[in-house]
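Take a look at the structure below.
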Amino acid sequence: MSSKIPFVDLRQQHAALRPALDAAIGRVLERADFILGADVEEFEAEFAAFCGARYCIGASSGTSALRMALLAAGVGPGDEVVIPANTYIATAIAVTQCGATPVLVDVDASYLIDVGAVAAALTARTKAIVPVHLYGRIAPMQALLALARARGIDVIEDACQAHGASMNGKRAGTFGRASAFSFYPGKNLGACGDGGAVVTDDEALADEVRLLRDFGQRRKYEHSIKGGNERLDTLQAAVLRVKLPLLERWNERRIEAAARYEEALASAGIRPAQRAADGSDVYHLYVIETEGRDELRAQLSAAGIESGIHYPIPIHRQRAYADLGLGEGVFPATETAAARLLSLPMFPEIQASQIQRVVEVLARARDAVALSA
Ligand SMILES: Cc1ncc(COP(=O)(O)O)c(C=O)c1O
């Protein structure tokens with residue numbers, strides 16, 4: 001029996017980095033600066049430089065980063081924030097937690113926020129648009145920024161799946177007024193626990209986020225706003241500093257793996273989900289579009305191959321968002337994504353032979369499904 005193929009392989013990544021991770025964690029233990037310690041400040045400077053932005057403010061998660069970026073941009077009760085229906089629920093939750101209303105819109109052929117749908121959804125109450133660079137592909141930023149500029153609306157990017165992706169030489173997270181990143185372990189840049197960051201060129205916004213994440217205090221026990229505890233942990237920052245110098249290489253490997261998948265899938269007659277029009281993609285996820293998705297997934301699983309669905313139940317059909325009053329069928333492209341997309345194993349260390357095997361099993365399963373239809 002062939003060995004299992006995981007969806008992501010963090011154990012392999014961490015085994016290779018173990019001496020550097022141990023040393024970095026050891027330094028934090030020796031300094032004992034666990035809360036907003038030296039590594040947080042260093043990582044913030046390094047990640048800001050990596051993105052090509054002036055400021056990075058570490059946060060406790062991607063959700064908290066997005067919520068704080070929106071709050072600092074002035075989003076609050078009574079405001080509407082336009083988001084894609086095809087995203088992780090955290091995008092909507094961050095808007096809701098600001099007291100604002102998420103206004104869901106459908107996605108385009110590459111499953112990213114549809115610009116025409118955004119234009120149609122804008123109202124006098126729209127305060128911001130949150131494009132999501134889903135799967136590692138950059139949303140259609142030029143058109144969105146033009147739209148937002150014309151209406152005096154902020155663009156806050158959800159870059160939680162797109163560390164290092166770039167379009168026309170500009171990195172994800174530097175197009176809008178601010179952006180949010182997640183360092184959830186399985187992300188292209190992941191911590192060994194939760195973590196996130198706000199990235200921005202806007203000094204006042206950066207300052208407000210710094211207050212929001214740390215009880216509204218600039219100096220200990222002097223609280224100028226009602227901020228909470230949403231700080232990036234020093235141990236996680238130390239881990240992220242070990243990994244950040246490898247991010248570009250890891251993204252290149254993901255792109256190489258995607259090219260391998262594409263070639264193997266093409267010869268098997270299986271279609272990858274349509275790419276972003278501009279080709280920007282760091283393949284946080286490698287997504288294919290297929291009939292009989294659930295059956296194929298079961299066959300992969302039976303062969304020891306993990307896969308994922310991003311996302312099986314769209315936000316507008318989640319009980320948590322029943323109050324939006326949106327039923328099945330309102331967002332056809334998002335419904336198609338939920339029914340037909342399948343995410344295959346994707347991580348920088350994935351071997352060509354593993355990709356080959358995934359596609360062989362898929363092709364066999366596809367033929368079996370076709371025969372039984
Ligand atoms: C698109 C998107 N937005 C937001 C988040 C939230 O990030 P976190 O899990 O770090 O809160 C995630 C990841 O989980 C995500 O994929």
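Indexing begins at 1, ligand by ligand and atom by atom, following the structure's order. From a predicted model like this one, the values you see are computed outputs, not experimental measurements.
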Name every donor-acceptor pair, under 3.5 Å, that has one atom in a side chain of residues 67-76 and the other anywhere in the protein, sequence neighbours excluded.
unit_1: Arg67; atom_1: NH2; unit_2: Glu230; atom_2: OE1; d: 3.1
unit_1: Arg67; atom_1: NH2; unit_2: Glu230; atom_2: OE2; d: 2.2

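Following chains of ILVMFWY side-chain contacts shorter than 4.5 Å, one cannot reach Phe181 starting from Val239, and the two form parts of different hydrophobic clusters.
Within 4.0 Å of ligand 1, protein heavy atoms belong to Ser61, Gly62, Thr63, Thr87, Tyr88, Ala90, Thr91, Val132, Asp158, Cys160, Gln161, Ser182, Lys187, Gly195, Tyr311, listed by chain and number.
Looking at Glu289, His310, Arg137 one by one, the single match for side-chain hydrogen bond (donor to acceptor under 3.5 Å, both in side chains) with Tyr111 turns out to be Glu289.
Ion pairing between a basic and an acidic side chain is recognised when a charged N comes within 4.0 Å of a carboxylate O; Arg249 and Glu252 show such pairing. Between Arg253 and Glu349, none of the side-chain N atoms (NZ, or NE/NH1/NH2) sits under 4.0 Å from a carboxylate O, so this pair counts as no salt bridge.
Centroid-to-centroid, the aromatic rings of Tyr184 and Tyr88 stay 6.0 Å apart or farther.
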